Structures are given as structure tokens and as C-alpha cells.
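All ligand and atom numbering here is 1-based and tracks the order in the structure. Model, not experiment: these values are computed from the prediction.
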Amino acid sequence: MPVQPTPYIWMDGDLVEWDQANVHIMTHALHYGFGAFEGIRAYETERGLAIFRLREHVRRLMNSAKILMLDMPYSEDEICAAHVELMRANNMGPGTYIRPLVYTGYGETGIFPLTSPVRLAIATWTWGAYLGEEGAAKGARLMTSSWRRHDSNAMPTAAKATGMYINSGLAKVEALRAGFDEALMLGPDGRISECSGENIFIIRGGVLITPSPSEAGALAGITQDSIIRIARDLGYEVRHEAMIRTDIYLADECFMTGTAAEVIPVASLDDRLVGNGEPGPITRELQARYSQSVRGQVPGYDDWLTYCN
Ligand code: PPE
């Protein structure tokens with residue numbers, strides 16, 4: 001579905017009208033994929049709209065820029081303030097998704113990226129259920145992709161870099177064309193890394209298991225981190241462990257986490273039902289608790305929210 005325009009896009013310090021927010025065709029990042037982005041959500045709370053874990057997202061954006069050796073032209077505080085400014089200017093409401101993007105702009109041409117100006121833009125739009133309402137409610141059907149996730153010595157897997165998403169895009173197309181909802185990606189060693197845009201958890205004997213992002217070459221998900229904290233606060237044991245695909249076939253429960261996806265149960269992998277194929281009770285509990293926490297309805301997680309009013 002096309003994005004519904006919102007009034008403004010923040011571009012290099014200015015609020016630019018949506019239709020005017022263009023770049024030149026000679027923009028370096030367009031040719032070589034040299035950029036990094038974030039996906040952030042904002043939720044309605046009793047105290048008004050709040051951005052979920054804004055500082056952690058901005059920090060990860062700064063870290064991605066550092067890995068790419070891009071000289072971020074703004075400080076962490078300035079970028080956080082720009083997000084709030086744009087949220088207010090666009091008068092955003094529930095279901096808001098925020099996309100900051102740092103990239104090499106129009107300057108010199110050629111692979112060497114560091115002579116291009118570094119640009120920063122932020123867009124907001126309303127984004128509903130990532131894999132559809134049905135995915136969130138009934139669970140997603142996954143397939144193991146024939147595309148391997150990046151080797152972290154070929155692509156810096158700790159960075160959320162734009163060009164790296166060719167890999168996710170190929171896997172997603174393969175999965176959807178084969179009639180599935182999402183792709184599970186293995187790392188170069190054959191162990192489970194992550195999905196095209198989500199981290200993965202299984203539950204076995206009441207214990208939550210998720211691959212360590214560094215070991216699995218997966219993005220260190222902020223939702224993954226939030227779920228680990230929520231699960232531990234609820235008294236569950238959570239472990240970082242390497243996983244192979246049969247661990248999912250034989251798990252009691254399985255779910256994916258991501259900012260856009262939030263918490264989505266996994267119904268099956270490669271046509272093997274996970275459990276009985278229905279979202280499991282712990283997945284349901286965590287899904288509900290996450291949904292309440294991001295909306296400021298659970299005491300103890302207030303440090304996660306940046307209020308926009
Ligand atoms: N792995 C990948 C590859 C990934 O892109 C994301 C986020 C995650 C894990 C989860 O990270 P986090 O959002 O911090 O919990 N994917 C973003 C992009 C989605 C898109 O289609 O674009 C997102 O969820 O915003």
C-alpha cells in the first residue's frame with residue numbers, strides 16, 4: 001500500500017513539504033547504497049503521543065553512521081529534538097512510524113563515499129500491522145530462505161545500512177512468491193540469524209531463546225531487547241543461544257519481534273506447525289504486555305517513552 005503523505009519531511013534541518021522532499025539522481029547513496037536508517041514507532045498514551053525508545057534508536061543510527069564512517073552532521077540530542085519537532089508539525093496520531101535516514105548526498109561520484117555530503121532526513125507516516133492483522137492475530141507462515149544473511153565480515157551486520165536490505169528484499173520476495181508471509185534467514189554458518197526485518201525467539205519448556213545478535217550476524221533489535229526485559233520482569237528465563245531450523249520446527253512457541261512488526265507469532269516454518277500452529281500462551285502474554293508497555297500502561301517502563309507534547 002502506498003504511504004499516505006503527511007505535511008512535512010525534515011530534511012537537513014528544514015521542514016520541507018512532502019512533495020518537495022526530493023533528491024538529485026546523482027545522489028551517491030542511490031547508486032551505492034551508502035546510508036543507514038531507523039524505524040521507530042510512536043503510540044498514544046494517557047499523557048499524549050509518545051515515541052518508543054527514541055534515544056536508543058537514534059543511538060543505533062549514530063552507531064550505523066560510525067560504522068560507515070559517515071560524519072553525522074547533528075548530535076544525538078539534536079536528532080531526538082528533530083523527531084519531536086516533526087511529530088508535532090505533522091500532528092501525528094496513533095500508528096505513527098518514523099523513518100530517519102542518513103545518506104551520502106549529491107557530490108562526487110565513485111565508490112569512495114567520504115567526499116559526498118552527509119544528509120539526514122526524517123519522515124513520518126501512519127503504518128498499520130506489518131504482516132497484516134491476520135499475521136499478528138493468527139501467526140505468520142515462515143519459510144527458510146535460500147538467501148543467507150550477511151557474513152559480518154562482508155557486511156557490517158551491526159549497522160542498519162540501506163544497501164544491506166537488498167539481502168532482506170530478495171528473501172522477502174522469495175518467501176512471498178512461494179506463498180509464505182516472511183523469510184527466516186540463516187547465517188553463513190547455517191545457524192539461524194533473523195528474519196527479513198525481525199528478530200526471532202523460540203520458547204521451549206517455558207524458557208525464551210533468541211540468537212545473540214553478534215554471534216548470529218543479526219541486527220541488535222530494540223524490540224528484541226524490550227521483550228527480553230519484559231519477559232525477565234515477568235519471571236521468565238531468557239537465553240541467547242545459537243539455533244538451527246529444526247529448533248523452530250520442534251519449539252513449543254515461536255515469535256518474531258521488530259518495531260514495524262511488534263510481536264508476531266510464528267504459526268509454522270517450512271510447513272511444519274510450531275506447536276499446534278496457534279499462537280502460544282507465553283507469546284500471547286508477551287504480545288499483550290508489549291502492547292501495554294509501549295502505551296505507558298505498565299509501570300516501570302517510563303524511561304522508554306519520549307512524550308511529544
Ligand atoms: N532485523 C532486521 C533485519 C530489521 O530490519 C529489523 C527492523 C529488526 C531486526 C528488528 O529491529 P528493531 O526494530 O530494533 O526491533 N526492521 C525495521 C524495518 C521494517 C521495514 O520494512 O522497513 C522495522 O521494524 O522498523
One finds that the ligand 1 atoms under 4.0 Å from a non-hydrogen atom of G221 are 11 (O), 12 (P), 14 (O), 15 (O)
Sequence neighbours excluded - salt bridge (charged side-chain N to carboxylate O under 4.0 Å, His left out) pairs with any residue from residues 298-309: R47-D302, R229-D303
Looking at atom 21 (O) of ligand 1, what's its closest protein heavy atom, distance included? Y130 OH, 2.5 Å
Under-4.0 Å salt bridge between E241 and R204: yes
Nearest non-hydrogen protein atom to atom 24 (O) of ligand 1, with distance, is A260 N, 2.9 Å
How are the rings of F52 and Y43 set to each other: parallel, tilted or perpendicular (split at 30° and 60°)? perpendicular
Taking distance alone, with N or O pairs closer than 3.5 Å, would you say G197 contacts ligand 1? yes
When distances are taken from atom 17 (C) of ligand 1, the protein heavy atom at minimum range is K160 NZ, 3.2 Å
Say whether R149 and ligand 1 are in contact under the criterion: heavy-atom distance to a ligand atom below 4.0 Å. yes
Report the member of N199, I222, T257, I98 with the shortest heavy-atom distance to atom 12 (P) of ligand 1. I222
Fit a plane to each ring of Y106 and H24, take the angle between them on a 0 to 90° scale, and name the class: parallel (under 30°), tilted (30 to 60°) or perpendicular (over 60°). parallel
Between ligand 1 and Y165, is the shortest N or O to N or O distance under 3.5 Å? yes
Could you tell me, atom by atom, which parts of ligand 1 come under 4.0 Å of a heavy atom of R99? 22 (O)
Does E174 come within less than 4.0 Å of K172, counting only side-chain N to carboxylate O? no
Which heavy atom of the protein is the closest neighbour of atom 1 (N) of ligand 1, given with residue, atom name and distance? E194 OE1, 2.5 Å
Ionic contact status for E76 with R55, cut-off 4.0 Å: yes
Closer than 4.0 angstrom: is that true for some heavy atom of R41 and an atom of ligand 1? no
For ligand 1, is there an N or O atom under 3.5 Å from any N or O atom of A261? no
Ring centres of F37 and Y103 under 6.0 Å apart? no
Can you find an N or O of T223 that's nearer than 3.5 Å to an N or O of ligand 1? yes
Whether S64 side chain and K160 backbone form a donor-acceptor pair below 3.5 Å: yes
Pair R60 + E38, salt bridge at N-O below 4.0 Å: yes
If we number the atoms of ligand 1 from 1 as shown, the ones under 4.0 Å from a heavy atom of Y97 are 17 (C), 18 (C), 19 (C), 23 (C), 25 (O)
Which of the atoms of ligand 1 are close to S196, meaning less than 4.0 Å from one of its heavy atoms? 3 (C)
With a 4.0 Å cut-off on heavy atoms, does R60 reach ligand 1? yes
Could you establish whether M164 and ligand 1 come within less than 4.0 Å of each other, counting only heavy atoms on the residue side? no
Using the ring of Y249 (Phe, Tyr or Trp, six-membered ring only), decide whether R272 places NZ or CZ under 6.0 Å from its centre and within 45 degrees of its axis. yes
Any W127 heavy atom less than 4.0 Å to ligand 1: yes
Consider ligand 1: state whether an atom of it lies below 4.0 angstrom from any non-hydrogen atom of A220. no
Between Y301 and W304, what is the ring plane arrangement, given parallel below 30°, perpendicular above 60°, and tilted in between? parallel
Just wondering, are more than 12 heavy atoms of other shown residues or ligands nearer than 6.0 Å to CH2 in W147? no
Among all protein heavy atoms, pick the one closest to atom 13 (O) of ligand 1 and tell me residue, atom and distance. T259 OG1, 2.5 Å
